[in-house]
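Starting from 1, each residue takes its place in the sequence as its number. Order of appearance sets the numbers: ligands from 1, and atoms from 1 within every ligand.
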Amino acid sequence: MLAGCGHEHQWTEATCTEPKTCTECGATEGEPYGHKWIEATCSEAKHCSECGQKEGEPLAHTWEEATCTKAKTCSVCGYADGEALGHDWMEATHQAPKTCKRCGETEGDVLLYEVPAGFTTDYEFGEFSRFNSFASENGLGGTMIWVDGSYDAISKLDLSSDMGQSMNAYVCTFVDQDNHKWFIQIDLDYYTEIDKYEELCGHSLCVTGEYTGYSQLYEMPAFVVEKIFDKNTGNIIIPTWYSEYASGR
Ligand SMILES: [Zn+2]
Ligand SMILES: [Zn+2]
Ligand SMILES: [Zn+2]
Ligand SMILES: [Zn+2]
């Protein structure tokens with residue numbers, strides 16, 4: 001099509017700000033497209049996706065203050081600045097476990113008293129050591145006792161030839177605060193968490209359990225562990241086997 005000025009218009013495409021325009025005569029057709037604005041974000045100012053023109057500044061981050069477990073973080077874009085504060089621990093007491101002053105998170109258990117609740121120091125070691133027969137015959141069977149001391153090593157006792165039991169027992173010699181030795185049985189058979197007992201070697205422990213008789217073989221009174229109170233860490237350990245045994249009897 002020929003225009004009034006007698007030439008064929010040479011159109012340039014419309015842009016954000018200019019309409020379609022003839023390069024020869026400057027005639028225009030239609031309207032500019034107008035900018036296609038992308039809203040500002042934390043990292044970019046409001047800008048046109050077509051021509052890149054900017055308006056204003058990037059938004060400031062919307063900071064959430066750092067916490068024990070999370071760095072200062074922008075709630076809009078997720079950008080993290082710095083590091084988490086880490087917990088501010090207060091040591092465990094008899095009333096409260098190790099506790100973070102800032103967020104209240106706790107770890108472990110309260111510190112233990114010398115004698116756990118429900119147990120007594122009111123017995124003589126001799127009561128447990130003087131009998132050579134089984135506990136059931138001497139009236140001490142089933143007595144719940146506690147001992148305060150430590151052990152150094154756990155050994156595996158092969159009971160496979162004993163009365164047809166195809167099992168191992170984990171045992172140790174526990175030396176109490178009066179230097180008495182006890183033979184303690186941690187488990188009878190399928191216990192698989194022996195590592196956590198080995199980690200207690202040398203710790204200051206309070207162990208509760210059920211007296212099972214005087215072991216003539218080891219020449220020590222023997223009992224099955226019910227609970228171990230680790231005074232070093234405040235942790236309480238209850239053998240899986242024992243909890244099943246206790247609930248099943
Ligand atoms: Zn033209
Ligand atoms: Zn534009
Ligand atoms: Zn941000
Ligand atoms: Zn904390």
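- The heavy-atom pair separating Asp148 from Phe174 by the smallest distance is C-CE2, 3.9 Å.
- Closest to the Zn ion (ligand 3) among the N, O or S atoms of His61 is ND1.
- Using a 4.5 Å cut-off between side-chain heavy atoms of Ile, Leu, Val, Met, Phe, Trp and Tyr, with links allowed through other members, Val175 and Val147 fall into different hydrophobic clusters.
- Nearest N/O/S atom of His87 relative to the Zn ion (ligand 4): this is ND1.
- Here the side chain of Thr208 pairs no donor or acceptor atom with the backbone of Glu226 at under 3.5 angstrom.
- Without hydrogens or angle criteria, Thr73 side chain to Glu64 main chain gives no donor-acceptor distance under 3.5 Å.
- Sorted by chain and number, the protein atoms of type N, O or S within less than 2.8 Å of the Zn ion (ligand 2) are Cys16 SG, His35 ND1, Cys48 SG, Cys51 SG.
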Practice problem: Kindly determine whether Glu219 and Tyr214 satisfy side-chain contact (heavy atoms from CB on, under 4.5 Å), including the steps that lead there. | Solution: CA-CA 7 Å; Glu219 299 184 319; Tyr214 188 84; 3.8 Å; yes
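- Here the Zn ion (ligand 3) is the vertex; the SG atom in Cys77 and the SG atom in Cys74 give an angle of 100° (to 10°).
- Of the possible polar contacts, none joining the Glu18 side chain to the Cys16 backbone as a donor-acceptor pair under 3.5 Å is found.
- The line from CE of Met90 to CZ of Arg102 is 11.5 Å long, rounded to the nearest 0.5 Å.
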